[in-house]
Enquirer: 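If you scroll down you'll find the structure; I have some questions about it.
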2 protein chains.
Amino acid sequence: VAADPFSAPLTEKLVGIVGEAHVLTDPSTTAAYEIDWTRRWRARARCVVRPADTGEVAAVLAACHKVGAPVVPQGGNTGLVGGSVPRGGEVVLSLTRLNNLEPVDEVAAQVTVGAGATLAHVRAHVAAQGLDIGVDLAARDSATIGGMVATNAGGIRVLRHGPMRRQVVGVEAVLADGRVVQRLGGLTKDNTGYDLVGLLAGSEGTLAVVTRIQLALVPVPRVRVAALLAVDGIETALVIFSRLRRLPSLEAAEIMWADGVGLVCRHTGRPPPFAESYPAYLLIECAADDDPTEMLATTLSWTHAVHDTAVATDRQDRERLWAYREHHTEAISAVGVPHKFDVTLPLGALAAFEQEVRSHVAKAAPGAQVILFGHLGDGNLHVNVLGPPPEDETVDDVVLRLVARHGGSISAEHGIGVAKAQWLHLTRSEADRAAMAAIKHALDPRGILNPGVIFPSRGAGGGQQPS
Amino acid sequence: VAADPFSAPLTEKLVGIVGEAHVLTDPSTTAAYEIDWTRRWRARARCVVRPADTGEVAAVLAACHKVGAPVVPQGGNTGLVGGSVPRGGEVVLSLTRLNNLEPVDEVAAQVTVGAGATLAHVRAHVAAQGLDIGVDLAARDSATIGGMVATNAGGIRVLRHGPMRRQVVGVEAVLADGRVVQRLGGLTKDNTGYDLVGLLAGSEGTLAVVTRIQLALVPVPRVRVAALLAVDGIETALVIFSRLRRLPSLEAAEIMWADGVGLVCRHTGRPPPFAESYPAYLLIECAADDDPTEMLATTLSWTHAVHDTAVATDRQDRERLWAYREHHTEAISAVGVPHKFDVTLPLGALAAFEQEVRSHVAKAAPGAQVILFGHLGDGNLHVNVLGPPPEDETVDDVVLRLVARHGGSISAEHGIGVAKAQWLHLTRSEADRAAMAAIKHALDPRGILNPGVIFPSRGAGGGQQPS
């Protein structure tokens, strides 16, 4: 970094834009921005810049663009694919100061917020009007709306409301060269050119930096009921889900196994959910204005495959059940640095994949521990492999090829980041990748935005046009 | 056209690809492809090519790309903004032979169909499984799924299910140079690079030619009830709608006025809906598994502003009510060649806009007739102006500037086409248009796909990169 001739003048320029207090270069202050949540991805930044508003973001990007300095946008840094931490020498553009919450538009059921606002803050802000965001996830206290848009976050309610892209009515975004695009009309019907809003959602900070987001809100249902069902395994869980999915009130259908629940209990000191231990657990939640408990009970009465059931209606009891699911990520990270795979399978291939992923990993990395959990209703499993060293990619290759063979997606909701860039070709053809690279080059011709993310090697995304 | 040195060899090449019977050059056979539904847009094509499958589409585009011959993709030719007919000398690429219907995937509630299949055919195909498409519109017998994706069609159920983009799970598309991109995994959760599927939806044939579409299907509700309410005007209709929108069963809330209904009655020979005539009519439809009639009646019992009501539950009666709404377009076209504007306003600005558009047009074009109708729940009005000659754009300018002034969209659901390209700047900033032009250039560097559509002048969209 010291050898970079642009380094000193750029940092000075950035100080001029955001103020000295908001350009961090000392390792003691930059460290938290330079390592990801899993501790698998870590590198030094050139500096960390913390702009206060869209104007400052625009000025920062214009300055970086001018000298071709690479930039890594960062929200709550809760990503799991290495997409929000430096690969070495980039400017980390932290958006957390853009946390403004604008008044809720009750007629339109919309709200516009800064990219740096956390999910939890925005939910609390709109709750006063009886409204909520359609997406929820365990990292809600840290994850920012901007990061959730950039990664098209999924979470536990995709079943009912779709992923983050579907909640986004409009954005304000800064292009690589510092120009600002605003689409904040709030109109749900608007066919005026290309869907830039949808394109930026899920582009992982490689096409533009989103600074403000206009969200469609959903009403908060009056009654919410969660149920934890002890079952023999994923096949039973799928049979039960196939009945439950007809309930319009169904919001979540999550699966976990005995080993993961055991880890959570050890990590958090919680008692196990039932007196006996069972092979797998299906956690479901329904929400409606009319109490859905009876309809849920009726639907479940058809099956004899549930060994035990815990039902919770009040908030505290529901949170107690959800804790078994939501503490999985941190309980796993407490054991070691996992290889994480966030994959979707067609529902019909899910049971076979579960068996095969366990046996294939056991063969490729003897002694490795495989912890599975995920969003059953979306066919979305989180595969965590503990044991192999972080830099060994044998297991990554085995798991992702297996997913592709079953017609699945190598990234359900976390994105490609740097973690999966080299496997993108498994499910995206050459023509498809060339089309994406052409779009990347069109919007970021110098390739400064999050290089190394999505496209296999640094700069590759910025340099290729379809021939 | 005759002076074009590439003309003869290209046509021969196209004959070699699709067969002589499917390259039309004789005016008697090409005429139907060269004029749009409103009769406002009309020009000669170089030829009309009717490929049978994706392979032939790819070969046709590769041939056209090689010589830089412009191509206008065409589906059912029911578009209303001149986007699917030639501007003069293009190859019209008719997709109607790609009308294959693949088996319904009942577990995933999805179906994959050819771009040329009509909405009505696909709906009939999936109805056997108790499924339907979330989008419906009056042109269902002619409009093709490919055209509906290309224009992100809206229609009468956006309120409940969103526009066409939301129904599309995957596409197969041919890029300008003939390369084929396939995203037909059918996974609802898939964050593997940019959302090309969503980007192509609404791109009006300017980025690629969609050849196959994978659609998410919705269950057919057991009971459906329509009601026609006679009211004093749009303000009353909006008050009623603000109550109705809380009903989860609400699928449609349409508005029309006495003059439009009068035209429909004269054109179709139908009796008027009620014994007396009223200033405006609100047509609503609810659908659910549990009969929504009582809930609808209860919700409406709060208002005293409804002068008369007709309720219909069986199909024939419902169709009788819907006929007043659905025959508007053809009844207007029977009178003359209208200037058509398909605009969204924020709900709060809708009533003011209605008054102002009438008075502004009366001033700009004395004697012109203004017929309004539309999708009240989406803030989406169809403004039809009869009287000024088709080529006079005074009225267009007045109406679209008024829309922009109220924070609306100059195209709610029809798209920009050629009709509104010169007004795109009213609601899309320079940076925004430059970003769109850069994407256009990235995917279609020679600018052969639907030139003149979306971007103001022929070729402009293909030639500009952000500086």
Enquirer: Considering only heavy atoms, which portion of A:Ser242 lies under 4.5 Å from any heavy atom of chain B: side chain, backbone, both, or neither?
Expert: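 Neither part; nothing is under 4.5 Å.
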
Enquirer: So what's closer than 4.5 Å to chain B heavy atoms on A:Pro163: side chain, backbone, both or neither?
Expert: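 The answer is neither part of A:Pro163.
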
Enquirer: Does any heavy atom of chain A fall under 4.5 Å from the side chain of B:Leu200, the backbone, both, or neither of them?
Expert: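 Looking at B:Leu200, nothing touches chain A.
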
Enquirer: Heavy atoms, side chains only, cut-off 4.5 Å: are A:Arg245 and B:Val107 in contact?
Expert: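 Heavy-atom side-chain distance check passes, below 4.5 Å.
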
Enquirer: Ignoring hydrogens and geometry, is there a side-chain-to-backbone donor-acceptor pair from A:Ser411 to B:Asn191 under 3.5 Å?
Expert: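 Yes; judged by distance alone, with no hydrogens or angles, the pair exists.
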
Enquirer: Looking at A:Gly193, A:Gly185, A:Gly198, A:Ser429, which one has more heavy-atom pairs under 4.5 Å with chain B than the rest?
Expert: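 If we count pairs closer than 4.5 Å to chain B, A:Gly193 comes out on top.
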
Enquirer: With a 4.5 angstrom heavy-atom cut-off, which part of B:Thr427 approaches chain A: side chain, backbone, both or neither?
Expert: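 Only the side chain of B:Thr427 comes within 4.5 Å of chain A.
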
Enquirer: Given B:Tyr194, which partner from the list A:Glu204, A:Met436, A:Arg428 fulfils the side chain to side chain contact (heavy atoms under 4.5 Å, CB included) test?
Expert: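 Testing B:Tyr194 for a side chain to side chain contact (heavy atoms under 4.5 Å, CB included) against A:Glu204, A:Met436, A:Arg428 leaves exactly one candidate, A:Met436.
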
Enquirer: Do the non-hydrogen side-chain atoms of B:Thr188 and A:Val158 ever get within less than 4.5 Å of each other?
Expert: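 B:Thr188 does not reach A:Val158 side chain to side chain.
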
Enquirer: If you count heavy-atom pairs within less than 4.5 Å of chain B, which of A:Ile410, A:Leu207, A:Leu347, A:Asn380 leads?
Expert: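 Winner by heavy-atom pair count: A:Leu207.
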
Enquirer: If you count heavy-atom pairs within less than 4.5 Å of chain B, which of A:Ala412, A:Ala108, A:Pro346, A:Ala208 leads?
Expert: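 Top option by heavy-atom pairs under 4.5 Å: A:Ala412.
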
Enquirer: Of the backbone (N, CA, C, O) and the side chain (C-beta and beyond), which part of B:Asn152 lies under 4.5 Å from a heavy atom of chain A, both, or neither?
Expert: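 Contact with chain A is through both the backbone and side chain of B:Asn152.
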
Enquirer: Quick one: pull up CG in B:Leu196 and CG in A:Leu199 and give me the separation to the nearest 0.5 Å.
Expert: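 Spacing of CG (B:Leu196) from CG (A:Leu199) equals 8.0 Å.
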
Enquirer: Heavy-atom pairs under 4.5 Å with chain B - which of A:Arg183, A:Gln182, A:Glu413 has more of them than the others?
Expert: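 When all of A:Arg183, A:Gln182, A:Glu413 are compared, A:Arg183 has the most.
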
Enquirer: Identify the heavy atoms of B:Ala442 and A:Ala442 that sit nearest to each other, and give their distance.
Expert: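 What the structure gives for the nearest pair is CB-CB, 3.7 Å.
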
Enquirer: Is it the backbone or the side chain of B:Val180 that comes under 4.5 Å from a heavy atom of chain A, or both, or neither?
Expert: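 Contact with chain A is through the backbone of B:Val180 alone.
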
Enquirer: Is A:Asp190 in contact with chain B via its backbone, its side chain, both, or neither, using a 4.5 Å heavy-atom distance?
Expert: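 Contact with chain B is through both the backbone and side chain of A:Asp190.
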
Enquirer: Donor-acceptor check, side chain of A:Thr344 to backbone of B:Lys189, threshold 3.5 angstrom: yes or no?
Expert: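 Yes.
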
Enquirer: Sort A:Arg433 into side chain, backbone, both or neither according to what part of it lies under 4.5 angstrom from a heavy atom of chain B.
Expert: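 A:Arg433 has no heavy atom closer than 4.5 Å to chain B.
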
Enquirer: Are a donor atom and an acceptor atom from the side chains of A:Thr192 and B:Ser409 found within less than 3.5 Å of each other?
Expert: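 On atom types as modelled, these side chains qualify, holding a pair under 3.5 Å.
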
Enquirer: Using heavy-atom distances under 4.5 Å, tell me whether A:Ile454 contacts chain B through its side chain, its backbone, both, or neither.
Expert: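 Side chain only.
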
Enquirer: Measure the spacing between CZ of A:Arg165 and CZ of B:Arg166 and express it to the nearest 0.5 Å.
Expert: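 Going from CZ on A:Arg165 over to CZ on B:Arg166, the span is 12.5 Å.
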
